[in-house]
> 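Got a structure for you, written out below as structure tokens; questions coming shortly.
Note that ligands are numbered from 1 as they come in the structure, with each ligand's atoms numbered from 1 the same way. Computation of the quantities below employed the complete heavy-atom set of this structure, encompassing side-chain atoms and omitting hydrogens, waters and symmetry-equivalent molecules.
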Amino acid sequence: MDKETYTFQTEVGRLLDIVAHSLYSHKEIFLRELISNASDACDRLRYDALTNPDLIAGDSDFAVTLSRDRTARTLSVADNGIGMNHDDLVETLGTIARSGTQAFLDRLTGDASKDMALIGQFGVGFYSSFMVSKSVEVLTRRAGEDQAWRWTSDGKGQFTVEAAERPARGTTVTLHLADAEDEFLEEARVRQIVKTYSDHIGIPVVLEDGDKRETLNTASALWTRPKSEIDADQYKEFYHHVGHTFDDPWLVLHNSVEGVLSYSNLLFVPSTAPFDLFHPERKQHVKLYIKRVFITDDSDALLPGYLRFLRGVVDSEDLPLNISRETIQHDPKIAKIRSGLIKRVLGELGKKADKAPDEYGTFWDNFGAVLKEGIYEDYDNREALMGLARFQSTRDEGLVGLDDYVSRMRDGQDAIYYITGDDLEHVGRSPQLEGFKARGIEVLLLTDAVDEFWIPAVASYKDKPFRSVTASGADLAKVAPAETPDEPTDKAESADAAGLDALIAALKEALGEAVKDVRASERLTDSPVCLIAEEGDMDMHLERLLRQHRQLGAGLAIKRILEINPSHPLIRRLAEVAAAGDGAPPLTDAAHLLLDQARIIEGEPVEDPVAFARRLAAVMERGLTTPA
Ligand code: ADP
Ligand code: MG
């Protein structure tokens, strides 16, 4: 086959552009990336060899070998891992398969300092070689195949692939260093980079110089070493390698469990939310090893979906090496490890929440919405997860937990009140909150879509039911208004009972089928009206969410209750008009305008905008008429 020329996928082109303009302050990380890939390639071959030992017959000592040629000004990184064939090469070294790539590129601003932080988080992997190279050559041969291939590129948009010779399986990446990059030919510099970034790699990283071969790293899997011998930087570098992430770990959990079932775990909670957290094709990112052999990093069996933000490694001595990626799913030992891991992770999060609430708040902002999925998915750990949950509330003093909330409940208050919506600012100004604020009753402000699902699933916490402030059934009268000692709250003057009854009757008549009911409200103090859901009916925010996602037919509107505020001047005045019994046209207009107003506040469309505008104009016009 002749030499073929390919063009990089557009995303790679953009990434290479960024790399060329060298956003990285630490160019030397290219070496970490290449060593990391070499080590991954050995891991993958070791796994394949479990079922096909011939693949590694004659050469089962995995290693990464670094060599330099001062005259040619090249640095190469070689491995005896799985290697790549023609199609692997074209597919993996011409594209970025990682989920979230597009989202990442979209977020780049072109402002170097801002983008730097982003790209540091995303990582450019193999393509980082172009930060220091004029051109890069990859000579590779896939284990079990005879034909080798050479890939070359100058990182400017195209690459070539041609048939080549390589005596054995594996991959050699050779960098033709750019003019200013001679430092990477220095032995001391290479040694220092490997020690800093790649010491944790489980196989030897060897520096070759003529006949001399020297291992530069510790070369034992980091999680097998005693905690006391590992420092924070080593944990961090391992986290970068294993998690393909580039931030700092927020929490490190390194333990070994001895017993009937022995395993160790080295798990990390990231300090920033990964791009693919809510991506539909998101994967787990914790690698399962058995007796130091990498088995899989894509199993739902090891950890539940609501812990998908974790990165790291779990290694067990007690699982059979012949376990397949498929049988893991049903293995009882894996299930045991899973429940042990969940308990440990939740336990450690709980400690953080107690000891460092501010730091925990940062974690919660990143991953709270994910963890809440566990509340309805994982019945066994529901109590623990609810204890870990944090919420914004009308108290406005940062995040609150349910235990705090319950301990502050007012005399006569018998439910945990909440309101759901799309964003805090909007939700916090909802009229339905007024009466609760006036009585000093705290209300949780819930703005994650997942809130609509776990609340109905759990229904209560420590025997206190959850109750939406936008649903009927709240018994506010049982709680005394919040009074400050020197400023007793005035009971606002209310419309008289007969007038109110007349008004309610008139509104019902005018609105007919448009509402389920019209009632005097206890929950309003400042606004004239609001909508609420009948107890047991679907929450209004959920209805909107479902409609947005087309999960609810357009014709299927659920009727709501219109509540009116008897002490609002407008309602009082309307009650007088209703009592006088001569107000048919103004009352009909008012009824529809009140309902439309309540809908607008709720974020719902006005049903008939033309009629709304006509009525509004008529009422304004009447209002402007100077009395005779
Ligand atoms: P990542 O390591 O995050 O997948 P990289 O850009 O570092 O991203 O590498 C891209 C892909 O190229 C790897 O996933 C792998 O399939 C392939 N690759 C890179 N280096 C090697 C190697 N030394 N041996 C085999 N495959 C490799
Ligand atoms: Mg990589």
> Does some side-chain heavy atom of D69 sit less than 4.5 Å from a side-chain heavy atom of R73?
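No, side chains not in contact.
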> For the Mg ion (ligand 2), check which protein N, O or S atoms are under 2.8 Å away and list them.
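Protein N/O/S atoms under 2.8 Å of the Mg ion (ligand 2): N37 OD1.
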> Got more than 12 heavy atoms from elsewhere within 6.0 Å of OH, Y379?
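At most 12 heavy atoms, drawn from other residues, nucleotides or ligands, come within 6.0 Å of this atom.
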> Between ligand 1 and the protein, give all atom pairs where both partners are nitrogen or oxygen and the distance is under 3.5 Å, as lines of names plus distance to 0.1 Å.
{"from": "ligand 1", "atom 1": "2 (O)", "to": "N37", "atom 2": "OD1", "distance (Å)": "2.9"}
{"from": "ligand 1", "atom 1": "3 (O)", "to": "H244", "atom 2": "ND1", "distance (Å)": "2.9"}
{"from": "ligand 1", "atom 1": "6 (O)", "to": "F126", "atom 2": "N", "distance (Å)": "2.9"}
{"from": "ligand 1", "atom 1": "7 (O)", "to": "N37", "atom 2": "OD1", "distance (Å)": "2.8"}
{"from": "ligand 1", "atom 1": "7 (O)", "to": "N37", "atom 2": "ND2", "distance (Å)": "2.8"}
{"from": "ligand 1", "atom 1": "7 (O)", "to": "F126", "atom 2": "N", "distance (Å)": "3.1"}
{"from": "ligand 1", "atom 1": "23 (N)", "to": "D79", "atom 2": "OD2", "distance (Å)": "2.9"}
{"from": "ligand 1", "atom 1": "24 (N)", "to": "T171", "atom 2": "OG1", "distance (Å)": "3.4"}

> Is the NZ or CZ atom of K287 positioned over F294's six-membered ring, under 6.0 angstrom from the centre and within 45° of the axis?
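Verdict for F294: a cation-pi partner in K287.
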> Which one of W151, F159, F30 satisfies the ring pair (Phe, Tyr, Trp, His ring centres under 6.0 Å) criterion with F126?
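Exactly one pass, corresponding to W151.
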> Check K134 with D154, please: is the shortest side-chain N to carboxylate O separation under 4.0 Å?
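No, no charged N to carboxylate O under 4.0 Å.
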> Would you call E187-R70 a salt bridge at under 4.0 Å N-O?
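Not counted as a salt bridge, because no side-chain N and carboxylate O are separated by less than 4.0 Å.
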> By salt bridge (charged side-chain N to carboxylate O under 4.0 Å, His left out), which residues pair with D43, not counting sequence neighbours?
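Scan of D43 (salt bridge (charged side-chain N to carboxylate O under 4.0 Å, His left out), adjacent residues dropped) gives R46.
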> Does the S39 side chain pair with the main chain of I35, one donor and one acceptor, at a distance under 3.5 Å?
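Here the side-chain-to-backbone pair does not exist.
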> Sequence neighbours left out, what passes salt bridge (charged side-chain N to carboxylate O under 4.0 Å, His left out) with D87? Give chain and number order.
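Scan of D87 (salt bridge (charged side-chain N to carboxylate O under 4.0 Å, His left out), adjacent residues dropped) gives none.
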